[in-house]
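In what follows, a structure is listed as structure tokens, so that the remarks can point back to it.
Atoms considered below: every heavy atom in the structure, side chains included; atoms not considered: hydrogens, waters and symmetry mates. Indexing begins at 1, ligand by ligand and atom by atom, following the structure's order.
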Amino acid sequence: MTTITKAKNYLNYINGEWMESITQDVRVNENPANRKDIVGSIQLSSAEDTDKAVAAAQKAQKEWRRLSGAARGDYLFKIAHQMELRADEIAKTMTREMGKSLPESKGETMRGIAILRYYAGEGMRKMGDVIPSTDSEALMFTTRVPLGVVGVISPWNFPVAIPIWKMAPALVYGNTVVIKPALDGAITAAKVMECIDEAGLPAGVVNMVTGFGSEVGERIVNHPDVNGITFTGSNATGKRIGQAALARGAKYQLEMGGKNPVIIAADADLEAAVEGTISGGLRSTGQKCTATSRVFVQSEVYEAFKEKLLDKVKQIKIGNGIEEDTWMGPCANENQLNTVLSYIEKGKSEGASLIFGGRRYQDNGLEEGYFVEPTVFEDVTNDMIIAQQEIFGPVLALIKVDTIEEALSLANDVEFGLSASIYTKDIGTMLSFINEMEAGLVRINAETAGVELQAPFGGMKQSSSHSREQGQAAVEFFTSIKTVFVKP
Ligand code: NAP
């Protein structure tokens with residue numbers, strides 16, 4: 001069982017100092033696997049705290065942008081080093097705070113470190129092009145300049161990787177940052193902030209304010225001195241942020257939900273397809289934006305696939321995340337648990353057949369946690385709520401199809417377009433899928449979840465505001481192009 005430790009109060013990080021919120025209010029973060037295990041408390045900050053952080057970021061801007069890209073990159077290398085020294089501690093905190101299994105938390109922490117190193121190198125790469133001028137005596141070129149102060153608003157499901165994949169490019173391209181992590185991942189984010197502090201970044205370059213999205217988040221979005229807002233989270237919140245940012249002319253970037261399909265073609269390697277469907281759909285308790293949710297299976301192999309899938313799902317070990325044999329941890333909080341259970345009820349009432357799971361799990365000493373069984377439905381039609389809305393839980397909906405064309409048409413018939421995958425051996429089927437699937441990330445013979453940090457990531461349709469994060473694509477959001485014309 002998880003050990004119960006004395007809880008620490010985590011502070012805001014503003015202008016290089018750790019400070020309490022002006023409100024003096026705190027929130028206690030419990031372990032979703034065991035509510036009796038208190039991970040720590042965090043500040044419930046106000047708009048005034050947020051203003052202080054923005055002022056610090058604005059003050060630090062001038063000097064930070066004047067540093068060379070290489071010098072800014074050096075700081076990122078230092079943060080990566082500090083994180084590496086504390087990787088186990090960060091991963092354990094993540095598991096205790098939001099329930100992801102420890103190997104997944106370790107993987108995410110190592111990924112955060114790799115992202116920092118990747119962007120550290122970006123400080124040395126080209127930032128523009130020479131463009132021939134019609135004036136033969138002139139030199140014309142482009143360069144890129146930072147936006148200024150960037151507001152980062154992040155979700156709880158990747159409490160290390162997402163803040164880092166936003167902050168690292170922001171910083172290396174010369175911006176300063178105010179971050180509001182999700183309440184449910186704020187202690188993990190505070191651990192990353194401690195590494196930033198230990199790396200010795202100049203005061204004010206990175207600031208963290210914790211608190212409610214409706215208070216701190218709204219203030220960041222509406223603050224006149226915040227020049228860009230990068231957000232990952234739900235569609236409802238994202239749209240609100242996009243509208244507010246647009247109204248005051250700030251640059252914004254939204255990465256939001258998904259309803260990701262996998263297609264199992266009649267010629268698929270069924271073992272691999274089952275592995276990929278389970279891993280894509282149920283790892284992290286289905287709480288990934290790229291999680292597999294809808295499973296389109298060609299009728300010839302439907303029964304064989306279903307049987308193999310159920311065999312494996314039955315073996316899934318639910319646990320508290322820290323224990324080594326945990327395959328699937330809890331939902332990240334009580335709201336999530338209730339949302340998932342209510343979607344399961346909707347599925348049943350709409351006529352889908354529940355063929356595995358579907359209940360809250362409270363066995364084996366896990367009665368104090370927010371666990372739900374891995375759940376599989378069949379007889380799902382594409383118009384059902386469970387086939388259209390993002391559940392964000394360990395729920396798979398099986399849909400039988402006769403042809404790949406039918407699968408593609410149904411797979412595209414949702415408002416989201418984040419990721420999609422197909423299992424097939426046929427090159428023609430692969431190409432149709434690549435060409436016709438409406439998703440920002442398409443994967444062949446691989447699960448829907450998972451993107452490499454050096455590649456662009458983002459959704460189509462309602463999943464995104466249509467920019468891309470990660471890899472070299474990040475330069476588009478975090479900088480503005482300046483065109484320069486020089487006549488000697
Ligand atoms: P969320 O409820 O939208 O929250 C995201 C962040 O926004 C949190 O920090 C939240 O603060 C803050 N927020 C809430 N209301 C706000 C407001 N009015 N103004 C400014 N900020 C506000 O999402 P979530 O439940 O944390 O995350 C799950 C969602 O994220 C899913 O839909 C998932 O698909 C999506 N996601 C997308 C990607 C991607 O790259 N496309 C990656 C991961 C997750 P609080 O602390 O108060 O909650």
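- Around atom CD of Q454, more than 12 heavy atoms belonging to other residues, nucleotides or ligands sit under 6.0 Å away.
- By heavy-atom distance, the residue among T339, I241, N235, T232 lying nearest atom 5 (C) of ligand 1 is T232.
- No donor-acceptor pair under 3.5 Å is formed between the side chain of K100 and the backbone N or O of A332.
- No donor-acceptor distance shorter than 3.5 angstrom exists from the side chain of E438 to the backbone of K461, with no hydrogens or angles considered.
- Of the listed options I153, L183, I179, L183 places a heavy atom closest to atom 46 (O) of ligand 1.
- A donor-acceptor pair under 3.5 Å is formed between the side chain of N382 and the backbone N or O of L410.
- When the shell of 6.0 Å around CD of Q362 is examined, it contains more than 12 heavy atoms from other residues, nucleotides or ligands.
- In summary, the atoms of ligand 1 found under 4.0 Å from a heavy atom of F212, numbered by their order in the structure, are 47 (O).
- Shown in contact with G217 at under 4.0 Å from a heavy atom are these atoms of ligand 1, numbered in order with element: 19 (N), 20 (C), 21 (N).
- Ranking the protein heavy atoms by distance from atom 18 (N) of ligand 1 puts E218 OE2, 2.9 Å first.
- A donor-acceptor pair is defined here as one N or O able to donate and one able to accept, closer than 3.5 Å; such a pair exists between the side chain of N175 and the backbone of F478.
- Neither the backbone nor the side chain of E469 has any atom closer than 4.0 Å to an atom of ligand 1 (non-hydrogen atoms only).
- Taking a cut-off of under 4.0 Å to the non-hydrogen atoms of G257, the atoms of ligand 1 that pass are 32 (O), 34 (O).
- Comparing G258, S154, A182, A244 by heavy-atom distance to atom 6 (C) of ligand 1, the nearest is S154.
- Summary of contacts: the protein heavy atom closest to atom 42 (C) of ligand 1 is C289 SG, 2.9 Å.
- Looking only at protein heavy atoms, the nearest one to atom 28 (C) of ligand 1 is F392 CE2, 3.5 Å.
- Numbered from 1 in the order shown, with element, the atoms of ligand 1 that lie under 4.0 Å from a heavy atom of I162 read 42 (C), 43 (C).
- With ligand atoms numbered from 1 in the order given, ligand 1 contributes 41 (N) to contacts under 4.0 Å with heavy atoms of L418.
- Every atom of ligand 1 is numbered from 1 in the order shown, and the set under 4.0 Å from a heavy atom of F457 is 40 (O).
- Remark: the backbone N or O of G211 is paired with a side-chain donor or acceptor of K180 at under 3.5 angstrom.
- At most 12 heavy atoms of other shown residues, nucleotides or ligands fall within 6.0 angstrom of atom CZ in R240.
- Side chain of T210 to main chain of Q43: a donor-acceptor pair is present (N/O by atom type, distance under 3.5 Å, no hydrogens or angles).
- No part of K288 comes within 4.0 Å of ligand 1, judged by heavy-atom distances.
- The proximity of D184 to ligand 1, defined as any non-hydrogen pair under 4.0 Å, does not occur for either the backbone or the side chain.
- One option in E390, Q336, R219, M256 has a heavy atom closer to atom 37 (C) of ligand 1 than any other, and that option is M256.
- In this structure, V216 falls outside the shell of residues with a heavy atom less than 4.0 angstrom from ligand 1.
- For a threshold of 3.5 Å applied to N or O pairs, the pair formed by N157 and ligand 1 contains no separation below that value.
- Remark: atom 48 (O) of ligand 1 lies closer than 4.0 Å to no protein heavy atom.
- Of all protein heavy atoms, the one closest to atom 45 (P) of ligand 1 is K180 NZ, 3.6 Å.
- Few gaps surround NZ on K346; more than 12 heavy atoms of other groups in view lie less than 6.0 Å from it.
- The contact set between ligand 1 and R240, taken as ligand atoms under 4.0 Å from a residue heavy atom, comprises 18 (N).
- For atom 13 (N) of ligand 1, a protein heavy-atom neighbour is present inside the 4.0 Å cut-off.
- In summary, the side chains of N260 and S293 do not present any donor paired with an acceptor at a separation below 3.5 Å, with no hydrogens or angles considered.
- In terms of polar-atom proximity, S463 is not counted as a contact of ligand 1, lacking any N or O under 3.5 Å from an N or O of the ligand.
- When ring centroids are compared, F477 and W165 stay outside the 6.0 Å threshold.
- Within the listing of ligand 1, atoms 3 (O), 5 (C), 6 (C), 7 (O) sit less than 4.0 angstrom from a heavy atom of F231.
- Using a cutoff of 4.0 Å between basic side-chain nitrogens and carboxylate oxygens, E275 and K312 are scored as salt-bridged.
- Under a cut-off of 6.0 angstrom, the local environment of CZ in R359 is sparse, with at most 12 non-hydrogen atoms contributed by other residues, nucleotides or ligands.
- Looking at G233 next to ligand 1, an N or O pair under 3.5 Å apart turns up.
- Around NZ of K92, the count of heavy atoms belonging to other residues, nucleotides or ligands within 6.0 Å does not exceed 12.
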